[in-house]
Student: 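Got a structure here, written out as structure tokens. Questions coming.
None of the values given here were measured: they were computed from a predicted structure. Letters A, B, ... mirror the listed sequences (proteins, then strands); counts begin at 1.
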Number of protein chains: 2
Amino acid sequence: MTKRDDLIKTAFELFYQHGVHSVGINQILAETGVAKKTLYSHFASKEALLEAVIAYRDERFRLWLFGLMDAHTDPEEVVQAMFDGLDDWFNDRVDVLMPFQGCFFVKVNAEFLQHRVNELCFEHKQAIVDYLVRRLSQHYAAEAAQRLASQLALLKEGAIAQAYLGKDRQAAQVAWRLAQGLLSTGR
Amino acid sequence: MTKRDDLIKTAFELFYQHGVHSVGINQILAETGVAKKTLYSHFASKEALLEAVIAYRDERFRLWLFGLMDAHTDPEEVVQAMFDGLDDWFNDRVDVLMPFQGCFFVKVNAEFLQHRVNELCFEHKQAIVDYLVRRLSQHYAAEAAQRLASQLALLKEGAIAQAYLGKDRQAAQVAWRLAQGLLSTGR
DNA sequence: CGAATGGTAGACAGATCGGTCTACCTCTGT
DNA sequence: ACAGAGGTAGACCGATCTGTCTACCATTCG
């Protein structure tokens, strides 16, 4: 593992747990054992490091989630794979995502306003909606696929929020039950 | 308006928009025109001010939301009142809540870990679930009321998340459609 | 061998933070 | 008129922040 990767991974863990503004550069350096000059040779600023961290988490999360869903073709199974995955995440059965602390992008987004990172967080969420639309379009009309994707995204975000702040580790199952109603009735 | 109230209101607006750690005491003082000594005569620390801000927002939000829902008795109307209210909030038609910037409690919660304010944020969410259970218990069995409240809370949080980070101002209507399916089928 | 490269350790600068304290001003009640 | 209360303005303190810079060390390569 390169020092650059080590910095990104450690920064992610600290940002994820304590928030971006609560974590200092020196804390990240102490945790990794990397020298300050090395950090600033890889990243122009703390903000540049944060952007790399966002890209890192975005890639990890999407690869994990889409990997689960790619294994199915039936739309109900595709969607179930997502909520089953969320259930695993909420209950810390997914090593690659680190212990569950809510949605990293929601948390980062909460700390900034009219800032470049807000756009990056939005793009992550949008990429997941786009994937849902793409998969659902194989079995539904364009309009229905779009509507279903919006509804499923809402259920996914609701589940994450309830699992974290609401401390309901079974929120993914609640969301999945609601999603089943959607897929069967085609509301 | 007392200086104390002015401080709380201004601190809320700044914390809500930019995050707690991004806003300094001096910024709040400059905005209100209150002297630093006056602030520290009312609040022991920035953290104490934050706790007062949380209590302020909690009261305002609950009074607004419960006020809407208290006006109805039929469970479907009670729930519809909630999602109609959310729709008004997302589209800035509720002066008392300030321009929509997502859920204040979710944002504050994101900036702290194992901290007193996390508990306060949780209590706000719990108070709303408790209210839902109480209202639904008038027309449903205890178990069904509990299950419905969990589902509705998930839909509410999902709508807020989608409206803010997802930039979907119609998220409340999406959530309401899903809620209608719940109430009619009694799933 | 000896120069260059790329790392470490950490002092340092400049800004900003939360919080304290002094000095002054302006009302109010007697 | 005058004492006291409560406000303002802002200097000030120590801590901490991001980011720069110097000095040194280890490895590698000609």
Student: Of the candidate nucleotides dT8(C), dG18(C), dG19(D), which contains the atom at the shortest distance from the side chain of Tyr40(A)?
Tutor: dG19(D)
Student: Under 4.0 Å between any heavy atoms, over every strand shown, what does Ser41(B) touch: base, sugar-phosphate, or nothing? Just pick one.
Tutor: nothing
Student: Using atom types as modelled and distance alone, determine if a side-chain donor or acceptor of His115(B) lies under 3.5 Å from a backbone N or O of Val117(B).
Tutor: yes
Student: With side chains defined as the heavy atoms from C-beta onward, is the minimum distance between Val20(A) and Phe112(A) less than 4.5 Å?
Tutor: yes
Student: DNA chain D: Asn26(A) or Gly33(B), which has the more 5' nearest nucleotide?
Tutor: Gly33(B)
Student: Under 4.0 Å from OP1 or OP2 of dG6(C): is there any side-chain N or O of Thr38(A) that close?
Tutor: no
Student: dT18(D) C1' sits how many Å from His21(B) NE2, rounded?
Tutor: 17 Å
Student: Between P on dC17(D) and CG on Leu14(A), what's the gap in Å once rounded to a whole number?
Tutor: 12 Å
Student: How close or far is atom P of dA11(C) from atom CG of Leu29(A), stated in whole angstroms?
Tutor: 14 Å
Student: Please tell me whether Lys107(B) and Asn109(A) have a donor and an acceptor in their side chains that are separated by less than 3.5 angstrom.
Tutor: no
Student: Tell me: CD1 of Ile28(A) to P of dT8(C), nearest whole Å?
Tutor: 15 Å
Student: Sub-3.5 Å donor-acceptor pair from the side chain of Arg4(B) to the main-chain atoms of Thr38(B), do we have one?
Tutor: no
Student: Picking from dT8(D), dG18(C), dT18(D), which would you name as closest to the side chain of Lys36(B)?
Tutor: dG18(C)
Student: Write down the distance between CG (Leu7(B)) and P (dG7(D)), rounded to a whole number of angstrom.
Tutor: 11 Å
Student: Between Leu49(A) (CG) and dT18(D) (P), how many Å, whole number?
Tutor: 10 Å
Student: On a heavy-atom basis, which atom in Leu152(A) and which in Ala179(A) lie closest, and how many Å separate them?
Tutor: CD2-CB, 3.8 Å
Student: What nucleotide, of dG19(D), dT8(D), dT8(C), holds the atom closest to the side chain of Lys37(A)?
Tutor: dT8(C)
Student: In whole angstrom, give the distance that lies between atom CZ of Phe43(A) and atom P of dT18(D).
Tutor: 15 Å
Student: Quickly work out the Lys3(B) NZ to dT26(C) P distance and round it to whole Å.
Tutor: 14 Å
